[in-house]
Amino acid sequence: MTYDRLVCANCAAPVNEGRCPVCRANRERLQQGNFLAGLNPMTLVALLTVLVAAVALLAHQTA
């Protein structure tokens, strides 16, 4: 789950908007926890596709 879908229990706004101090603190914590957290899901899918294609190419070359 990405943090842009989370709703703050303190102010009932999306966490990614950072309206209150609790939102801002949790947004920073979530972004620091994972180096891929700043990427959107489509970018992650594209990276995974490139990785699978590279592995398939290497497997084809060794066979």
Side-chain angles (χ1 to χ4, degrees):
M1 175 181 248
T2 58
Y3 75 93
D4 59 335
R5 304 256 187 238
L6 297 177
V7 175
C8 178
N10 191 43
C11 67
V15 171
N16 65 344
E17 292 180 5
R19 291 186 184 176
C20 71
V22 176
C23 291
R24 289 188 290 275
N26 282 323
R27 182 177 59 188
E28 291 298 319
R29 183 182 57 85
L30 288 169
Q31 287 177 342
Q32 291 176 359
N34 186 359
F35 70 96
L36 295 176
L39 298 177
N40 65 12
M42 288 307 296
T43 305
L44 293 174
V45 169
L47 288 173
L48 182 61
T49 304
V50 169
L51 179 64
V52 168
V55 169
L57 182 63
L58 287 173
H60 185 309
Q61 288 180 350
T62 58

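For the numbers below, each heavy atom of this structure counts, side chains included, while hydrogens, waters and symmetry mates do not.
For residues 53-62, there are no salt bridge (Lys or Arg N to Asp or Glu O under 4.0 Å) pairs, not counting sequence neighbours.
Annotation: side chain to side chain contact (heavy atoms under 4.5 Å, CB included) contacts of Cys8 (sequence neighbours excluded): Asn10, Cys11, Val15, Cys20, Val22, Cys23. For the salt bridge (charged side-chain N to carboxylate O under 4.0 Å, His left out) test, residues two or more places apart in sequence or in another chain that qualify with Arg19 are Glu17.
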Please tabulate, one pair per line, all N/O donor-acceptor pairs under 3.5 Å involving side-chain atoms of residues 41-57, not counting sequence neighbours.
{"residue": "Thr43", "atom": "OG1", "partner": "Asn40", "partner atom": "OD1", "Å": "2.5"}
{"residue": "Thr49", "atom": "OG1", "partner": "Val45", "partner atom": "O", "Å": "2.8"}

